[in-house]
Amino acid sequence: MPPRGARSVEAKVIVWFRDAVARLKREGVLPADFAVDLAIERPRREEFGDFGCALPLQMARVMKRPPAECARALIGAMTVPDDEVAAVEFAPPGYVNVRVRPEAWFAGLREVREAPDRYGESAAGAGERVLLEFVSANPTGPLHVGHGRGAVLGDALARILRAAGTHVETEYYINDVGNQIATLGRSVWARGREVLGLPAAFPDNGYRGGYVRDIAADLARGGDRAWFDQDYDAAGPPDRHPFALAAAARLLAGIREDLDALGVSFDRWFSERSLYDRGLVPGAVQDLLARGHAYRDDHGAVLFRMGGDGDDEDRVVVRANGVPTYFASDIAYHREKADRGYTRLVNIWGADHHGYIPRMKAAIAAFGRDPSVLEVLLVQMVTLTRGGVVVPMGKRSGEFVTLREVVDEVGPDAVRFLFLLRKADAQMEFDLDLAKAQTMENPVYYVQYGHARVASILRKAAALGLAPPDWSADLRAALVLPEEEAMVRDLGRFPGVVASAARRREPHHVAFYLMDLVKGFHSYYTKYKHSEKVVSSDRRKTAARLFLVFCVKAVLARGLGLLGVNAPEEMRFAGADDEQE
RNA sequence: GGGCGAUUAGCUCAGUUGGAUAGAGCGUUGGUCUCCGGAACCAAAGGCCGUGGGUUCGAAUCCCGCAUCGCCCA
């Protein structure tokens, strides 16, 4: 039960426009079927006010009247409270701009002061039940940097969606069945025999990373060494060989540790094998056959019928030898997820899997569900560079920089923030030297430094017996510097930014917002450090400014929290004092 | 050969779903400190938004062709 009494300023403005449009429809000025998306925007130039709307340009089309005339009609139909709005103006060629009174912006900060750790929450995404599945890397090797990007995106998105009132559960799907697990087991077996001096043929497509040898060496030393003396396939199903299970379990544990180091956790770890244990994979295949969405070919294989006129051909779900493909268990998995009652299944995939999307959607449709419940967010590749030079990542050879190495070298906060500073669906370059640099080149420290700086001010004030006051309307009158009014407005934008990031599934908007907000603060701080300090002999201004910077700190912490980045109370100066080690 | 994505300042990237004079960080150049934290601030220079057409009052944004890069599929 959120104590949200007041709507955000932006939400109010949207309502004012919407009501005006409705009124014009009632009066017959606009046709009843006039439909617009009420996109209000933030004007680039300050003189245009706080919110702008190009509605008259769209009205002009249907009304067949000049935009200026439409704008007059729109303005005439708007009823806005005088104590909240300073001006509603027409601007050529067809804008209506709204300037909100500083008092109205300031009123929104009451929520920040009363519940700093909840500010930005809304009901924008209420009613949705989302299952967010991400990473889901095979437990056949350590995570690489690309997985890390998906992990950070998913984790931040979950936090942002929850802030927007959406019920979210996060899940990691473990491919612990099949060829790849069998290949892992064979790789371990072969490496172990090498260690023991036994003849061994390493599988052609085996996993060549050094970790396989480490696992094999441990097994050879332990009580399982007898398995090395007999043929791999003598032990039963190749993906259930003790080595396959042991290696997968160990790699999965490592994956969890690596994600933990990055601050990413999951509500649920879902095993592919559990689908088989419950009979859901053959069950799904049988249902597809029964419904005519799959058929048996001449060789006895079962193929999923893609149907339609698409260029996408039918796909094998069960091979002629009776072994189901990964596609079969993916179908069963998504059906199972849908059966759990979510309104939306959001998957984060590497962009190299984009060709898989039509298949999964078709599979969902085959079970009679709306394929639009499946929403796939693609994460593009990460190119690692060091000082501008690309770090080669040979997947085949197993020679690649692991996620863990990057996190250990750069630190989780910088990794997360730099990933989230880019739109997910675009390739990005990740420069290790830049990420590691604790200088102004690195945006994450810029934001964190702002937070620490405010904390420092509040500590100083506390030492003088001063604390940020509770909200009251009269504090506003002491905040008249243009930078102060701008910060109040920026703070008021935050809930809208979070809601928009949630709706669009784009956490990077929060990161950019934080850069904006903290820039305003740094600028303000430096400009007035000699003239209009936060803590001064003027008690009235001091109280108001302590209130303001408290809110800045709270929103920085909150925003960083939505990205999973720490908001430190103080930061060590690198190179400022002693040289440690 | 088919498909997906990308192409915006020297570099790395935003651009609120078709709107106002296209923005930020870094880098470059030149400035600012009698410190509530200089990991800061201010200013300047820097653009045919890959290219050619189209759609309309209006395009970085939508449509088509082409070029380049990455990735899937064959």
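Here is how names work: the chains are called A, B, and so on, in the same order as the sequence lines, proteins then strands, and each is numbered from 1. Everything numeric here is computed off the predicted structure, so don't read it as measured data.
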TODO: Describe the nucleic acid contact of A:H508 in one word from base, sugar-phosphate, nothing, applying a heavy-atom distance below 4.0 Å.
DONE: sugar-phosphate
- [ ] Would you classify A:E429 as touching base, sugar-phosphate or nothing, given that sugar-phosphate means primed atoms plus P, OP1 and OP2, and contacts are heavy atoms under 4.0 Å?
- [x] sugar-phosphate
Task: Residue A:E506, side-chain atoms from C-beta onward, closest of B:rG37, B:rG15, B:rU12 - done: B:rG15
Open item on the list: Could you check whether any side-chain heavy atom of A:V9 comes within less than 4.5 Å of a side-chain heavy atom of A:F51, counting everything from C-beta outward?
Closed with: yes
- [ ] Report yes if at least one side-chain N or O of A:Y446 is closer than 4.0 Å to OP1 or OP2 of B:rC41; otherwise report no.
- [x] yes
Open item on the list: Can you tell me which nucleotide in B:rU12, B:rC36, B:rG37 comes closest to the side chain of A:M571?
Closed with: B:rG37
- [ ] Before accepting this row, confirm whether a basic side-chain N of the pair A:R476/A:E485 lies closer than 4.0 Å to the acidic partner's carboxylate O.
- [x] yes
- [ ] For A:A426 and for A:G52, locate the closest nucleotide of RNA chain B by heavy-atom distance; then report the residue assigned to the nucleotide nearer the 5' terminus.
- [x] A:A426
Task: A:K423 side-chain N/O to B:rG15 phosphate OP1/OP2 under 4.0 Å - done: yes
Open item on the list: Please report the distance, rounded to the nearest Å, between CD in A:E483 and P in B:rC41.
Closed with: 13 Å
Open item on the list: Need the glycosidic conformation of B:rU17: syn if within 90° of 0, anti if not. Which one?
Closed with: syn
Open item on the list: I want to verify a distance call: between B:rG38, B:rG15, B:rC36, whose nearest atom is closest to the A:Y449 side chain?
Closed with: B:rG38
Open item on the list: Does A:R42 reach a base, just sugar-phosphate, or nothing at all? Heavy atoms under 4.0 Å.
Closed with: base
Open item on the list: Let's see if you can work this out: which of B:rG15, B:rG38, B:rU12 has an atom nearest to the side-chain heavy atoms of A:R422?
Closed with: B:rU12
Open item on the list: Tell me if the side-chain of A:H354 makes a donor-acceptor pair with the base of B:rG5, cut-off 3.5 Å, by modelled atom types.
Closed with: no
Open item on the list: Rounding to an integer number of angstrom, what distance separates B:rA45 and B:rG5 when you compare their C1' atoms?
Closed with: 34 Å
Open item on the list: Please report the distance, rounded to the nearest Å, between NE2 in A:H509 and C1' in B:rA24.
Closed with: 13 Å
Task: Selection from B:rC72, B:rA40, B:rG15 that lies nearest to any side-chain heavy atom of A:R504 - done: B:rG15
Task: A:Q427 side chain, from C-beta outward: closest of B:rG38, B:rG5, B:rC72 - done: B:rG5
Task: Spacing of the P atoms in B:rU16 and B:rG50 (rounded, Å) - done: 15 Å
TODO: Assign A:K460 to base, sugar-phosphate, or nothing according to its heavy-atom contacts below 4.0 angstrom with the strands shown.
DONE: sugar-phosphate
- [ ] Report the residue (A:A54 or A:M428) whose heavy-atom-nearest nucleotide on RNA chain B is the more 5′ of the two.
- [x] A:M428
Open item on the list: Can you tell whether the side chains of A:E313 and A:R305 come within less than 4.0 Å, N to carboxylate O?
Closed with: no
- [ ] Side chain of A:T526 only, please: which of B:rC36, B:rC41, B:rG5 is the nearest?
- [x] B:rC41
Task: For B:rA45, the Watson-Crick or wobble partner whose two distances fall under 3.5 Å - done: none
- [ ] Measure the distance from OH on A:Y524 to P on B:rU32 and round it to the nearest whole Å.
- [x] 24 Å
Task: side-chain N/O A:K529 vs B:rG38 OP1/OP2, d < 4.0 Å - done: yes
Open item on the list: So A:S500, base contact, sugar-phosphate only, or nothing? Heavy-atom distance under 4.0 Å.
Closed with: nothing
Open item on the list: For a quick check of understanding: with a heavy-atom distance under 4.0 Å over all strands, which category does A:Y356 fall into, base, sugar-phosphate or nothing?
Closed with: nothing
TODO: Please determine if a side-chain N or O atom of A:Y525 lies less than 4.0 Å away from the OP1 or OP2 oxygen of B:rG38.
DONE: yes
TODO: Mind checking A:Q448 for me? I need base, sugar-phosphate or nothing, with any heavy atom below 4.0 Å counting as a touch.
DONE: nothing
- [ ] Classify the angle between the aromatic ring planes of A:Y524 and A:F521 as parallel (below 30°), tilted (30 to 60°) or perpendicular (above 60°).
- [x] tilted
TODO: For the pair A:F494 and A:Y513, name the ring-plane relationship: parallel under 30°, tilted 30 to 60°, perpendicular over 60°.
DONE: tilted
Task: B:rA14 base / A:D516 side chain donor-acceptor hit below 3.5 Å - done: no
Open item on the list: Tell me which nucleotide, if any, is Watson-Crick or G-U wobble paired with B:rU32 when both distances must be under 3.5 Å.
Closed with: B:rA40
Open item on the list: On the nucleotide B:rC42, are OP1 or OP2 found under 4.0 Å from the side-chain N or O atoms that A:S523 carries?
Closed with: yes
Task: A:H522 side chain, from C-beta outward: closest of B:rC33, B:rA14, B:rC41 - done: B:rC41
- [ ] Please confirm whether the backbone N or O of A:V391 pairs with a side-chain atom of A:R386, one donor and one acceptor, at under 3.5 Å?
- [x] no
Task: Separation of B:rC36 P from A:L464 CG (nearest whole Å) - done: 12 Å
- [ ] Report the base-pairing partner of B:rA67 (Watson-Crick or G-U wobble, both distances below 3.5 angstrom), or none.
- [x] B:rU7
Task: Salt-bridge present (A:E506, A:K423; N to O < 4.0 Å) - done: no
Open item on the list: Expressed as a whole number of angstroms, how long is the span from A:R539:CZ to B:rC36:C1'?
Closed with: 19 Å
- [ ] Both distances under 3.5 Å, Watson-Crick or G-U wobble: report the partner of B:rG27, or none.
- [x] none
Open item on the list: Taking any heavy-atom pair under 4.0 Å as a contact, classify A:A452: base, sugar-phosphate, or nothing.
Closed with: base
Open item on the list: Distance check needed: B:rC26 C1' versus A:F512 CZ, whole Å only.
Closed with: 13 Å
Open item on the list: Please confirm whether the ring centroid of A:F304 lies under 6.0 Å from the ring centroid of A:Y295.
Closed with: no
Task: Pair partner, B:rA74 [Watson-Crick or wobble, under 3.5 Å] - done: none
- [ ] Counting Watson-Crick and G-U wobble pairs only, both distances under 3.5 Å, name the nucleotide matched with B:rG58, or none.
- [x] none
Task: Paired nucleotide for B:rU16 [Watson-Crick or G-U wobble; both distances under 3.5 Å] - done: none
